[in-house]
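First up is the structure itself, then whatever we jot down about it.
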Amino acid sequence: MDAVEILRGLTRFRNTRLHLGVAGSIACYKSCDLLRHFLAMGIHVSACLSPGARQFVSPLLFSSLGAMPVYTELFADSEPFAHLEPGQNCKALLVCPASASLIARMAQGMASDMLSAQILAFPGPVAVAPAMNTNMWQNMATQDNIATLRKRNVEIIQPDSGELACGTTGQGRLAAMPELILHTLRLLSEQDMAGKTVLVTMGPTREPWDGVRFWTNPSTGTMGASLALCCWIRGATVHAVAGPGITRAMLPSLPGLELHRVATANDMYEQTNALWDAADMGFFSAAVADFSPVPYGSGKFKKAESPDGFSIEFTPNRDILKDMSLRRKGQKVLGFAAETAPDMQALMELAKIKRAGKNTDVLAANMVNSKESGFGTATNAMAVTDRNGREEIWPLMSKADVAWDLCTWLLHC
C-alpha cells in the first residue's frame with residue numbers, strides 16, 4: 001500500500017471545495033488523474049483551464065471526469081463575476097501544472113485571463129506545482145518570480161528531476177502524484193498541529209537468530225504511516241521511525257517529514273530515544289518484538305545439526321513505550337496495543353489495563369484476531385481510552401480516518 005492508497009480512505013475532506021487551475025504544459029494530462037483522486041476522496045473540485053492548457057486538454061474532459069464548474073474564457077458567459085466565484089466558495093486553490101508564463105503573471109499581479117484573474121482574486125491558501133523545461137525553470141526570471149510568490153505565502157510544490165518531454169534531463173517535471181495530493185490536503189486542512197514536532201514509530205521489528213532467519217510479526221506499518229501522513233497534513237514536523245517493510249511509496253519525501261529506518265527492537269529503541277527529547281508528541285504504533293532469540297550466530301543453522309528438533313531461548317527487549325512515557329517533559333504520548341479479544345468491550349478492558357501500565361496519555365487498542373482489523377488490513381476497529389477516564393469504542397473504519405481521529409484526541413487530551 002502506498003500513500004495514495006492510504007489517503008484514499010481519508011473521509012475528513014468530504015464536501016470540501018478545491019479550485020484547480022490548469023496552465024499550458026505537456027503535464028496537463030496529469031491534472032486529470034489528480035482530479036480523479038480528489039473526487040474519490042469526496043472533495044468537490046471546480047477547474048479553470050488557461051488558453052495554453054486548452055491546447056493540450058479539453059474543458060469537456062474535466063467536465064466529464066466530474067469537475068464543476070469548468071471555467072475557460074474571462075468573458076465567455078453571462079456571469080460577470082465568474083473570476084470571483086472560486087475565492088468566495090473554495091477552501092484552497094491549486095495550480096497544477098503551473099507554466100513559466102502563468103507564474104510570471106502571478107508574480108506581476110496580472111489578470112489578463114480567467115485563471116490569472118481568479119488567482120488574483122483568491123483570498124485563501126494557494127499552491128503552484130511548476131512543470132516546464134529545465135532551462136526555463138532555472139532561468140533567473142522564473143526563480144525571481146518563484147521567490148516573489150514565496151514571499152506572498154504561495155506554496156511552491158518543487159518540480160522533480162528526470163527525463164522531460166522535450167528529451168532533456170533535469171529539474172522541471174511535475175512533482176509526483178503523492179506529493180501533489182499531500183501538499184493539497186495540507187492546503188485544505190486546518191494547521192492545528194503546526195509548530196509541533198511529532199515522533200511516530202511504525203511497522204514490525206526483526207530480531208535475527210542465525211544468518212538467514214529472524215523473529216518478527218505481520219505488521220505492514222500502514223497504521224503508523226497513516227499517522228505520520230495525517231500529522232504532516234495538519235502542519236506538524238514528523239520523524240517517522242520505521243521498521244522493515246516501510247517503503248518510500250508509503251511515506252514520500254516531503255519537507256518536514258523525515259524517515260528513520262531501523263531493523264531490530266534495540267535499533268528502534270536507540271533511534272526513538274535519540275529523537276524523543278525534541279518531540280512534543282509521540283505516536284507509538286510500531287509492533288515491536290517483546291522478545292529476541294538468543295543468537296545462534298552469523299552462519300546458517302543446518303537441519304542436520306538437530307534432526308530431532310531444537311529449542312530457542314528468548315530474552316526480553318526494552319519497553320520503548322513505557323520508557324518514553326516515564327520521561328515526560330510536557331510531552332504527550334499515545335500508545336498502541338495489538339490484542340486478541342472476544343469482543344470490543346473485552347478489548348476496552350485490555351486497553352485500560354495497558355494504558356495504566358504504560359503510563360500513556362492515550363491508549364488505542366485494536367483487535368488483531370479480526371479479519372478486517374489489525375495486521376495487513378486497510379481498516380481498524382478501536383478501543384480508545386485516556387488518562388482522564390474517557391473511553392470510546394470506534395467501529396470499523398479506514399486506518400487513515402483512525403489516524404486523523406487519534407491525532408485530534410491526543411492534541412486535545
Side-chain angles (χ1 to χ4, degrees), residues 2-21 34-46 86-96 119 122-129 149-150 152-158 175-200 222-240 250-258 279-281 283 285 332 334 397-413:
D2 61 20
V4 174
E5 292 174 301
I6 291 170
L7 293 172
R8 194 173 293 134
L10 187 59
T11 65
R12 298 308 186 259
F13 292 97
R14 283 182 179 170
N15 301 317
T16 302
R17 183 167 163 192
L18 169 73
H19 190 57
L20 177 62
L34 188 61
L35 168 63
R36 294 175 64 223
H37 284 298
F38 289 140
L39 293 174
M41 296 177 70
I43 298 171
H44 182 86
V45 183
S46 56
Q88 295 167 342
N89 297 302
C90 295
K91 183 77 178 288
L93 191 157
L94 169 69
V95 183
C96 178
I119 294 169
F122 197 85
V126 176
V128 298
L149 295 183
R150 281 201 176 102
R152 297 175 186 164
N153 295 319
V154 173
E155 183 172 355
I156 309 299
I157 306 174
Q158 285 289 106
M177 191 63 62
E179 295 173 45
L180 295 172
I181 293 171
L182 278 158
H183 277 282
T184 306
L185 294 181
R186 196 175 201 184
L187 213 63
L188 289 168
S189 173
E190 298 298 330
Q191 298 297 283
D192 55 358
M193 297 182 76
K196 303 288 186 185
T197 298
V198 176
L199 186 149
V200 184
T222 303
M223 188 68 248
S226 298
L227 284 162
L229 294 173
C230 287
C231 288
W232 187 88
I233 288 169
R234 294 169 72 157
T237 296
V238 181
H239 290 276
M250 297 171 73
L251 289 177
S253 181
L254 297 163
L257 198 165
E258 189 168 350
D280 301 297
M281 306 169 72
F283 294 87
S285 68
K332 293 185 177 182
L334 186 148
M397 55 184 172
S398 73
K399 289 184 175 178
D401 277 346
V402 170
W404 193 272
D405 288 349
L406 289 176
C407 287
T408 301
W409 194 319
L410 188 60
L411 191 62
H412 299 292
C413 181

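Across all non-hydrogen atoms, the minimal contact from S253 to E179 is O-CD, 4.1 Å. Between L180 and A175, the shortest heavy-atom contact is CD1-O, 3.5 Å. Summarising the geometry of I181 relative to V4, their closest heavy-atom pair is CD1-CG2, 4.0 Å, with the distance given to 0.1 Å. Contact detail for L18 and C90: the closest heavy-atom pair is C-SG, 4.1 Å. The nearest pair of heavy atoms linking A279 to L199 is CB-CB, 4.2 Å. The minimum heavy-atom distance linking M223 with V402 is given by the pair CE-CG1, 3.8 Å.
Here the side chain of W232 pairs a donor or acceptor atom with the backbone of P255 at under 3.5 angstrom. With hydrogens and angles ignored, the 3.5 Å screen pairs a side-chain donor or acceptor of Q191 with a backbone N or O of S189. In this structure a side-chain-to-backbone donor-acceptor pair under 3.5 Å is present from K332 to L411. Side chain of R8 to main chain of H37: no donor-acceptor pair is present (N/O by atom type, distance under 3.5 Å, no hydrogens or angles).
For the atom pair CG (L229) and CG (L257), the distance works out to 7.0 Å, reported to the nearest 0.5 Å. Note that CG of L182 is 12.5 Å distant from CG of L187, once rounded to the nearest 0.5 Å. Considering OG1 of T408 and CE of M193, their distance stands at 8.5 Å, rounded to 0.5 Å. Here the CG atom belonging to L34 is positioned 9.5 Å from the CG atom belonging to L39, to the nearest 0.5 angstrom. To the nearest 0.5 angstrom, T16 atom OG1 is 11.5 Å from F38 atom CZ. The distance from the CD atom of Q88 to the CZ atom of R17 is 10.0 Å, given to the nearest 0.5 Å.
Annotation: side chain of T11 is not in contact with side chain of M397 (no heavy-atom distance under 4.5 Å). In this structure, the side chains of P125 and E155 stay at 4.5 Å or more apart for every pair of heavy atoms.
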*Check step by step if side-chain contact (heavy atoms from CB on, under 4.5 Å) holds for L20 and T184.*
CA-CA 10 Å; L20 177 62; T184 306; over 6 Å; no
*Pair K91-E190, side-chain contact (heavy atoms from CB on, under 4.5 Å): steps then yes or no*: CA-CA 10 Å; K91 183 77 178 288; E190 298 298 330; 3.5 Å; yes
*Derivation of the side-chain contact (heavy atoms from CB on, under 4.5 Å) call for H44 and F13*: CA-CA 9 Å; H44 182 86; F13 292 97; over 6 Å; no
*Start with the C-alpha distance between L94 and I157, add both sets of side-chain angles, then the distance that settles side-chain contact (heavy atoms from CB on, under 4.5 Å), and finish with yes or no.*
CA-CA 10 Å; L94 169 69; I157 306 174; 4.0 Å; yes
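Every residue two or more places apart in sequence or in another chain that forms a side-chain contact (heavy atoms from CB on, under 4.5 Å) with Q158 is listed here: W137, R150, I156, Q171. The side-chain hydrogen bond (donor to acceptor under 3.5 Å, both in side chains) check on D192 picks up R234, with sequence neighbours excluded.
With a 6.0 Å radius and a threshold of 12 heavy atoms from other residues, nucleotides or ligands, R152 has its CZ atom above the threshold.
Each of S285, S226, C230 was evaluated against K399; a single residue qualifies, S226, per the side-chain contact (heavy atoms from CB on, under 4.5 Å) test. When the options V238, V198, V200 are evaluated for a side-chain contact (heavy atoms from CB on, under 4.5 Å) with L227, the one that passes is V200.
D401 and R12 are joined by a salt bridge, as a carboxylate oxygen and a charged side-chain nitrogen come within less than 4.0 angstrom of each other.
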